[in-house]
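All of these numbers come straight from a predicted model, not from anything done at the bench. Remember, it's 1-based here, ligands and their atoms both numbered in the order they're listed.
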Amino acid sequence: MRKLAAGNWKMNGTGADLAEVAALRAAHPSPAVDILICPPATLLSRLSQAAGPAIASGGQDCHAAASGAHTGDISAAMLIDAGASYVILGHSERRADHRETDAVVAAKCQAAWAAGLTAVVCVGETEAQRDAGQTLGAIGAQLAGSIPEGAGPDTLVVAYEPVWAIGTGRVPSPEQIAEVHDFLRAELTARLGPRTASGIRLLYGGSVKPDNAAGIFAVSNVDGALVGGASLKAADFSAIVTALEDAPV
Ligand code: 13P
């Protein structure tokens with residue numbers, strides 16, 4: 001399995017920020033891990049060209065339909081046309097801002113697969129759920145409901161993003177991350193069998209920074225990261241990529 005360092009630019013970035021991608025490309029001409037950047041849709045085409053062959057690009061969402069009367073939305077085929085090979089689906093910000101349910105995420109995942117994209121499906125508990133001891137229950141339900149039949153290592157990446165750790169500077173302990181990632185692997189194994197499940201990358205996301213990345217990457221069943229704020233600057237994201245390259249297998 002090749003590990004994955006993924007950046008989610010969220011609603012940040014204009015043409016001027018392509019300089020960061022050029023710097024990242026120059027710093028990692030032949031990376032030992034997969035690198036992915038998911039910019040806003042307006043930048044996807046230009047970023048895909050600036051990133052070069054060693055850095056993949058992806059969307060941050062897609063519509064469940066292949067085309068049609070959906071003003072403002074983007075289809076999976078459009079993402080591919082703009083150079084994407086991945087799409088983030090079910091991010092907690094979309095679940096909250098756009099009321100995306102597990103069923104909606106699963107339908108988008110079907111559309112992404114039909115077009116040939118790898119889906120990065122996000123799951124994660126709120127702080128209230130963690131405080132109530134519902135972390136694994138909430139994540140298990142999201143995982144079961146958000147991923148259609150037929151997932152495999154080439155089509156699915158799962159990102160564990162505790163909602164309370166996103167953009168807050170608060171990071172779960174290594175034990176807390178291990179508990180969830182071991183659970184995710186076990187759930188995928190029960191559903192897909194050990195051969196398929198062992199190849200699916202499990203990313204941790206939520207306040208990953210250059211100074212905490214190595215500790216997170218040492219945790220069992222952590223195969224990479226989904227990075228928000230620290231993916232916007234090449235220097236920070238490059239340090240995280242290097243930490244992942246140096247992480248124990
Ligand atoms: P931050 O790294 O800014 O906490 O964001 C994490 C995230 O939501 C990535 O999808």
Side-chain angles (χ1 to χ4, degrees), residues 3-13 17 20-21 24 33-41 43-44 47 55-62 79 84-98 100 105 108-109 112 117-127 129-130 135 138-139 142-143 146 156-174 176-177 180-181 184 201-217 219 222-244:
K3 296 182 180 182
L4 175 61
N8 174 10
W9 282 16
K10 308 189 179 185
M11 198 172 71
N12 299 290
D17 297 293
E20 300 298 327
V21 178
L24 188 70
V33 299
D34 288 345
I35 302 176
L36 166 66
I37 300 177
C38 298
L43 270 185
L44 187 53
L47 187 141
I55 300 176
S57 65
Q60 298 176 9
D61 176 50
C62 71
L79 294 177
S85 46
Y86 290 80
V87 62
I88 298 169
L89 294 175
H91 192 281
S92 61
E93 288 153 14
R94 290 206 62 86
R95 291 179 186 264
D97 293 354
H98 300 274
E100 290 191 8
V105 176
K108 292 181 173 198
C109 198
L117 291 168
T118 298
V120 180
V121 174
C122 303
V123 298
E125 82 285 5
T126 63
E127 184 154 40
Q129 286 170 326
R130 177 163 285 277
T135 298
I139 291 170
Q142 285 182 322
L143 192 74
S146 303
L156 179 69
V157 174
V158 177
Y160 167 51
E161 298 208 318
V163 177
W164 51 273
I166 295 174
T168 60
R170 296 170 59 202
V171 178
S173 69
Q176 287 173 321
I177 297 174
V180 173
H181 279 242
L184 289 172
R201 275 103 42 107
L202 305 180
L203 311 184
Y204 168 78
S207 296
V208 177
K209 306 291 178 198
D211 63 358
N212 63 22
I216 291 167
F217 295 150
V219 174
V222 173
D223 308 314
L226 182 55
V227 183
S231 72
L232 296 171
K233 292 289 171 221
D236 287 345
F237 197 46
S238 175
I240 292 169
V241 169
T242 300
L244 187 59

Top protein contact for atom 3 (O) of ligand 1, by heavy-atom distance: Gly229 N, 2.9 Å
At what distance, to the nearest 0.5 angstrom, does OG of Ser57 lie from CG of Leu79? 9.0 Å
Short N or O distance, Lys209 and ligand 1, threshold 3.5 Å exclusive: no
All heavy atoms of Gly169 vs all of Ser207, minimum pair found to be N-OG, 2.7 Å
How close do Leu226 and Leu203 get, counting heavy atoms only, and between which atoms? N-CB, 4.0 Å
Any heavy atom of Leu226 under 4.0 Å from ligand 1? The part involved is both
Ligand 1 to Lys10, heavy atom cutoff 4.0 Å, flagged ligand atoms 5 (O), 6 (C), 7 (C), 8 (O), 9 (C)
Testing the basics here: between Ala84 and Gly58, what is the closest heavy-atom pair and its distance to 0.1 Å? CB-CA, 3.9 Å
What I want to know is whether Gly167 and ligand 1 share at least one N or O pair that is separated by under 3.5 angstrom. yes
Please name the pair of heavy atoms, one in Cys38 and one in Gln60, separated by the smallest distance, quoted to 0.1 Å. O-NE2, 3.0 Å
Would you say Gly205 contacts ligand 1, with heavy atoms under 4.0 Å as the rule? no
Please determine whether a side-chain nitrogen of the Lys or Arg among Arg95 and Glu161 lies less than 4.0 Å from a carboxylate oxygen of the Asp or Glu. no
How far apart are the closest heavy atoms of Ser85 and Ala56, and which atoms are they? OG-CB, 3.7 Å
Atom 9 (C) of ligand 1: which protein heavy atom is closest, and how many Å away? Glu161 OE2, 2.9 Å
I need the atoms of ligand 1 closer than 4.0 Å to a non-hydrogen atom of Asn8, numbered in the order shown. 9 (C), 10 (O)
Do the ring planes of Tyr160 and His181 sit parallel (below 30°), tilted (30 to 60°) or perpendicular (above 60°)? perpendicular
Mark up the atoms of ligand 1 that fall under 4.0 Å of a heavy atom belonging to Gly206, in ascending order. 4 (O), 6 (C)
Starting from atom 2 (O) of ligand 1, which protein heavy atom do you reach first, and at what distance in Å? Gly228 N, 2.9 Å
Does Ser207 reach ligand 1 with a nitrogen or oxygen that is under 3.5 Å from one of the ligand's nitrogen or oxygen atoms? yes
